[in-house]
Amino acid sequence: MPRSRKPPKPSPALSGPEPAAARAGADWRRWVVYQVYPRSFADSDGDGVGDLRGVLGHLDYLKNLGVDVIWLSPVYRSPMADNGYDISDYTDIDPLFGTLADLDELIEELHKRGMKLVMDLVVNHTSDEHPWFAESRSSRDNPKRDWYWWRDPRPGHTPGTPGAEPTNWESHFSGPAWTFHERTGQYYLHIFSARQPDLNWENPEVRQAVYAMMRWWLDRGVDGFRMDVINMISKDTSLPDTLPRPGSRYGPGDRYFTCGPRNHEFLREMYREVFAGRDAHVLTVGEMPGVTIPEAVLFTDPGRPELDMVFQFQHVDLDHGAHKFDPVPLRLPALKASLASWQIGLAERGWNSLYFSNHDQPRPVSRFGDDSPAHRVASAKTLATVLHLHRGTPYVYQGEELGMANAPFAAITDFHDIQTLRFYAEAAGRDSRGEAGRPALLAAVARMSRDQGRTPVQWDPSPGAGFTTGTPWLAVNPDHVTVNAAAEVGDPGSVFEHYRRLIALRHDDPVVTDGDFELLLPEHPAIWAFVRRTAGAELLVAANFAVGATDADLPVDAAWAAATVILTSGDPPLQPPPAVKLRPWESAVWRRARS
Ligand code: GLC
């Protein structure tokens, strides 16, 4: 590991957890996080790929938006099989993105502006090109053999043939979750692609190596970590078979590695070894597919302590059928109920994160809103209003603040994402309709592909959208001629300015952070309404998720008619509550003091 720029701090390992009261009072709960996916944010050198100097060039834009924290998706050295979520050196920057000096400058420039930096921590797996894996693969008796999950072929099967895998788990990126290594005659486990072997967290040396690396980054000045699939680090060590999917030999093995038996133990150990006793609060968020509310309470209870918050997936899985590329219609009551259940579930202990969007999800205005020219702006604002006024930490994913929409991708050659391409290849190969089935398959892929969230940020209407002077690695959305930052910043009616107002509201009004949550009209098919309440004040939020005007009698007292309108998606509301009349995709927020 390269030497740290600053002298290392003594290990805080044994200083014990920070008192719960200190954490509970922390103002990190008022922060808003902005996610930068560096490959698609801004390209400073014309090679078509975003980079750190591109991020450095837009810090004033982020400051103007008002966000407190930047979460940077991986910029470490990587063969880029999964765009950097396959790391071959945890303590260096990939030349594609810049240098360690650029990263140091980013930390410094963010801190100068009062903002913080959260790094992506990808430690469920490494790249197959990481030196740890190279050693582990080199022989059965290498000291690092046990740093990964190596197992013998299934008895009675020819090694390397389908069915000989140690379990019948499928990978999240299609195909089996095990790959055979001829030379040493064993299989290794990879929940994601074969280029992303899973680390064996049962081995204490692995954990210590990870903690040392995390301390190294904190000593360098970073302020926190977003932890990639951190609820997959503890596996059921008996590695049981799973129920195969119909017509397949393989099936999802997730229940054997999601929130596994030692997950909490590992995270508490990480807290003690890395975070406890530091001068400033280290912001932590665990990405956790499949996490349940009771588990999330345990992960985020400040009294334990493990993490500040988790990314749960319930609401972004609602429109998945048998799998993510099998989109099904989403009913608004289901979406409202999902978010409300987490508000209630984490009301007493724990903390929510709030997101509709990230680098793995299609654009929310296309998915949950309406990206037609008539409704894009209003629906993007209304989605933001609803999300940001829930209780928890809001995450803004780059371009969301501009109301960026899905791109009109139509051919498989438009896509780049490993998950999309592997799914397509497998599904196309299996599709008995042959060529005739392609349009439907492509339509599903175009709707749900991770590439939809990864199109370059639209800075201006120029041919490269102000993202690059070269050829962008992934096509810019042609709508950038009208949807772009240059057009939106400073325009009071824009999506960008609406996000700015929402972020300022969170900073200024304690009800947004602290208020409790009550969902109104849970079964209403078009209205999303709720109340946030502290002892001193309350907010009423009402939003219309329909392309037509909608009337609703909100179940609130008549005195709300005298409350102040503090935010709208456009013109002043037609009628005060309780009997609201909302225009298409309109939302409004009222506030009143409580006596
Ligand atoms: C997380 C990341 C995703 C990545 C996967 C494997 O879900 O967000 O982009 O492909 O983990 O690291």
Side-chain angles (χ1 to χ4, degrees), residues 33 35-41 50 71-88 90 94 97 118-130 133 148-149 169-175 177 179 188-199 201 210 225-233 235 252-254 257-259 284-291 307 309-317 320 323-325 353 355-363 395 397-398 400 415-423 448-455 473-474:
V33 183
Q35 183 190 354
V36 169
Y37 189 69
R39 172 177 280 271
S40 304
F41 187 72
W71 148 30
L72 191 62
S73 278
V75 287
Y76 314 93
R77 268 194 195 267
S78 163
M80 303 290 166
D82 187 17
N83 287 1
Y85 283 90
D86 49 319
I87 298 171
S88 55
Y90 286 110
D94 197 277
F97 296 126
V118 160
M119 296 292 273
D120 220 303
L121 180 81
V122 187
V123 288
N124 172 70
H125 46 269
T126 67
S127 160
D128 62 341
E129 293 186 25
H130 195 290
F133 189 68
Y148 294 83
W149 293 83
W169 303 349
E170 68 189 10
S171 132
H172 278 204
F173 291 164
S174 307
T179 289
Y188 67 90
L189 174 66
H190 51 87
I191 295 174
F192 296 91
S193 82
R195 310 287 318 270
Q196 295 163 294
D198 279 53
L199 280 166
W201 276 67
V210 168
F225 297 100
R226 172 269 183 187
M227 303 180 189
D228 195 66
V229 291
I230 203 70
N231 67 333
M232 298 187 181
I233 57 177
K235 278 83 168 156
D254 297 52
F257 52 75
T258 297
C259 302
T284 54
V285 51
E287 188 209 23
M288 298 201 174
V291 68
L307 300 173
M309 56 193 137
V310 304
F311 287 131
Q312 55 87 12
F313 279 61
Q314 193 187 57
H315 63 301
V316 290
D317 287 346
H320 296 178
H323 51 78
K324 77 173 270 184
F325 293 108
S353 56
Y355 75 95
F356 279 147
S357 184
N358 62 39
H359 64 292
D360 294 330
Q361 303 291 335
R363 295 282 175 181
Y395 285 74
Y397 175 64
Q398 63 185 39
E400 181 189 328
F415 297 91
H416 183 283
D417 167 37
I418 184 173
Q419 183 187 44
T420 306
L421 297 179
R422 287 185 52 101
F423 168 78
M448 300 310 280
S449 171
R450 307 196 297 181
D451 281 331
Q452 291 294 10
R454 300 177 180 184
T455 57
W473 71 276
L474 185 68

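Note that ligands are numbered from 1 as they come in the structure, with each ligand's atoms numbered from 1 the same way. Index from 1, following the sequence.
With ligand atoms numbered from 1 in the order given, ligand 1 contributes 2 (C), 3 (C), 8 (O), 9 (O) to contacts under 4.0 Å with heavy atoms of His359. Here is the list of ligand 1 atoms found below 4.0 Å of a heavy atom in His125: 6 (C), 12 (O). Near Phe192, the atoms of ligand 1 lying under 4.0 angstrom from a non-hydrogen atom of the residue are 5 (C), 6 (C).
Between Phe133 and Ser88 the shortest side-chain heavy-atom distance does not fall below 4.5 Å.
Contacts between Met288 and ligand 1, counted as non-hydrogen atom pairs separated by less than 4.0 Å, are absent for every part of the residue. Only side-chain heavy atoms of Arg450 come within less than 4.0 Å of ligand 1; its backbone N, CA, C and O stay farther off. Using a 4.0 Å cut-off between heavy atoms, Phe173 contacts ligand 1 through its side chain alone, with no backbone atom that close.
Nearest heavy-atom pair, Asp417 versus Asp451, reported as atom, atom and distance to 0.1 Å: N-OD2, 2.9 Å.
With hydrogens and angles ignored, the 3.5 Å screen pairs a side-chain donor or acceptor of Trp149 with a backbone N or O of Leu199. Using a distance-only test at 3.5 Å, with no hydrogens or angles considered, no donor-acceptor pair links the side chain of Tyr90 to the main chain of Leu121.
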Quick one: do Tyr188 and Tyr148 satisfy ring pair (Phe, Tyr, Trp, His ring centres under 6.0 Å)? Show the steps, please. CA-CA 7 Å; Tyr188 67 90; Tyr148 294 83; 8.1 Å; no
Please step through side chain to side chain contact (heavy atoms under 4.5 Å, CB included) for the pair Lys324 and Arg450, ending with a clear verdict. CA-CA 10 Å; Lys324 77 173 270 184; Arg450 307 196 297 181; 3.5 Å; yes
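With hydrogens left out, the protein atom closest to atom 8 (O) of ligand 1 is Asp360 OD2, 2.5 Å, a heavy atom. Scanning the protein heavy atoms around atom 7 (O) of ligand 1, the nearest turns out to be Glu287 OE2, 2.8 Å. Looking only at protein heavy atoms, the nearest one to atom 2 (C) of ligand 1 is Asp228 OD1, 3.0 Å.
Heavy-atom separations between Arg226 and ligand 1 include at least one value shorter than 4.0 Å. In this structure, Gln419 does not count as a contact residue of ligand 1, since none of its heavy atoms falls inside 4.0 Å of the ligand.
The closest heavy-atom contact to atom 10 (O) of ligand 1, among the options Ile418, Asn358, Asp82, comes from Asp82.
For Tyr85 and His125, the ring centers are positioned 6.0 Å apart or more.
Donor-acceptor pairing under 3.5 Å is recorded for the side chains of Thr179 and His190.
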